[in-house]
Amino acid sequence: SKKEGKNRYRFYSSELNIQNYKQLQLRHDLRMAVKRDQFMVFYQPMVRIKNNQILAVEALIRWNHPDWGMVSPDEFIYLAEETGVIVEMGKWLLKKVCEDQRYWMLKGYEPVYISVNFSSIQFYERDFVKSITDVLAEYEVDPKYLIVELTESLIIENAHKAIADIEKLQRAGIKVALDDFGTGYSSLSYLQHFNIDIIKMDASFLKNIMTDQTSAIIARAIISLTKELRIKLVCEGIENWEQLSFLRENNCFAGQGYLYSRPVPFLKIDEILEKGKCR
Ligand code: C2E
Ligand code: CA
Ligand code: CA
Ligand code: CA
């Protein structure tokens, strides 16, 4: 009955209502977020394990919302995809990244490789590759300093188109990384069809290596597989020394995680890059 429905509604925790309210507001405000200059780029170093040298930085978007503070991408990327805002947002981010890259270049730092995430919606936009190379040209950034991060599932969605566009990116000089490796439903077979430059092993493997034999075995297998295929491997989610020594013992090439540095705003990464090393 109507009355019951009302009671049931009241029964929901206010916590849940706040979440719903937040989502509604975020969805509503997202459209204006670029114009209102509310997005920020945080950077997290990708580090060479044997000597702590910084190999690249990953750009991770943040939304500095006037009511909700710093909103994490997990709370708005899917909204941006649903509403199509992701395309404009992505363009903004790429420009910001190019601006920062140029700044560091002019400051005379060792060249900074920057890794940028692209979701399926962005990848399957018409002129995806051109939209990137146009921005690089506009900012006079050498394409070799850009790494495009794509996920496995995106590649499976339309393998033909993915193969073609990955080749196009690489012909333009851009590097391609496979993100969240090992989490998809995909098989390893597509590695034969692509010339992937970098693989990022998903954080879930490292999370469990100390307690779960299988995770450790798979992590070791991924390390040796990528070595034989001559693909650079970056292990995600290094949070503690046990995980780092596991990677050291297994001669893993590169890693990323809170143990080295959290994603940090521009001024902080600038300091880190000036040193050129993590820790
Ligand atoms: P991702 O690409 O897999 O990025 C890694 C995520 O793990 C980041 O979360 C990062 O802050 C977090 N992380 C890094 N090191 C550690 C660690 O040691 N421990 C733990 N627990 N987490 C760690 P973040 O920044 O919240 O981003 C979440 C996801 O949102 C990203 O996952 C990516 O898929 C997406 N994303 C972020 N920025 C963008 C963007 O500019 N465009 C698109 N399309 N997606 C983005
Ligand atoms: Ca990523
Ligand atoms: Ca990842
Ligand atoms: Ca992810």
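We count ligands from 1, going down the list as the structure has it; atoms in each ligand are counted the same way.
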Do ligand 1 and Glu58 have nitrogen or oxygen atoms that lie under 3.5 Å from each other?
yes
Where do Leu24 and His28 land on the side chain to side chain contact (heavy atoms under 4.5 Å, CB included) test, with the steps shown first?
CA-CA 6 Å; Leu24 278 173; His28 176 266; over 6 Å; no
Residues pairing under side-chain hydrogen bond (donor to acceptor under 3.5 Å, both in side chains) where one sits in residues 132-147, two or more places apart or in two chains, turn out to be Lys130-Asp134
Heavy-atom contact under 4.0 Å between Lys200 and ligand 1?
no
Any salt bridge between Lys107 and Asp270, counting N to O under 4.0 Å?
yes
Any N/O pair Gln122/ligand 1 closer than 3.5 Å:
yes
Residue pair Ser131 / Glu125, side-chain donor-acceptor N/O under 3.5 Å
no
Could you establish whether Ala203 and ligand 1 come within less than 4.0 Å of each other, counting only heavy atoms on the residue side?
no
Could you check whether any heavy atom of Arg62 sits closer than 4.0 Å to an atom of ligand 1, since that is the contact criterion I want to use?
yes
Asn117 versus ligand 1: do any nitrogen or oxygen atoms come within less than 3.5 Å of each other?
yes
Determine, using the 4.5 Å side-chain heavy-atom cutoff (strictly less than), whether Phe123 and Val148 are members of one ILVMFWY cluster.
yes
Answer yes or no as to whether an N/O/S atom of Asp202 is found below 3.0 Å from the Ca ion (ligand 3).
no
Candidate with minimal heavy-atom separation from atom 15 (N) of ligand 1, of Gln44, Gln256, Glu75
Gln44
Selection residues 79-93 - residue pairs positive for side-chain hydrogen bond (donor to acceptor under 3.5 Å, both in side chains), sequence neighbours left out:
Arg27-Glu82, Glu81-Ser119
Taking 4.0 Å as the limit for heavy-atom contacts, which would you say applies to Ile238 with ligand 1: side chain only, backbone only, both, or neither?
backbone
Would you check the N or O atoms of Ile61, main chain and side chain alike, for any that come under 3.5 Å of an N or O of ligand 1?
yes
Check whether any N, O or S atom of Glu236 sits under 3.0 Å from the Ca ion (ligand 2).
no
Do any N or O atoms from the side chain of Gln23 and from the backbone of Asn20 form a donor-acceptor pair under 3.5 angstrom?
no
Before giving the answer on side chain to side chain contact (heavy atoms under 4.5 Å, CB included), spell out for Phe194 and Ile155 the whole-Å C-alpha distance, their side-chain angles and the decisive distance to 0.1 Å.
CA-CA 10 Å; Phe194 300 98; Ile155 289 174; 3.2 Å; yes
Under 3.0 Å from the Ca ion (ligand 2), is there an N/O/S atom belonging to Asn117?
yes
Please work out, at 4.0 Å between heavy atoms, whether the side chain, the backbone, both, or neither of Thr151 comes within that distance of ligand 1.
neither
Please determine if the Ca ion (ligand 2) has an N/O/S atom from Asp179 lying under 3.0 Å away.
yes
Under-4.0 Å heavy-atom contact with ligand 1, by part of Asp180 that carries it:
side chain
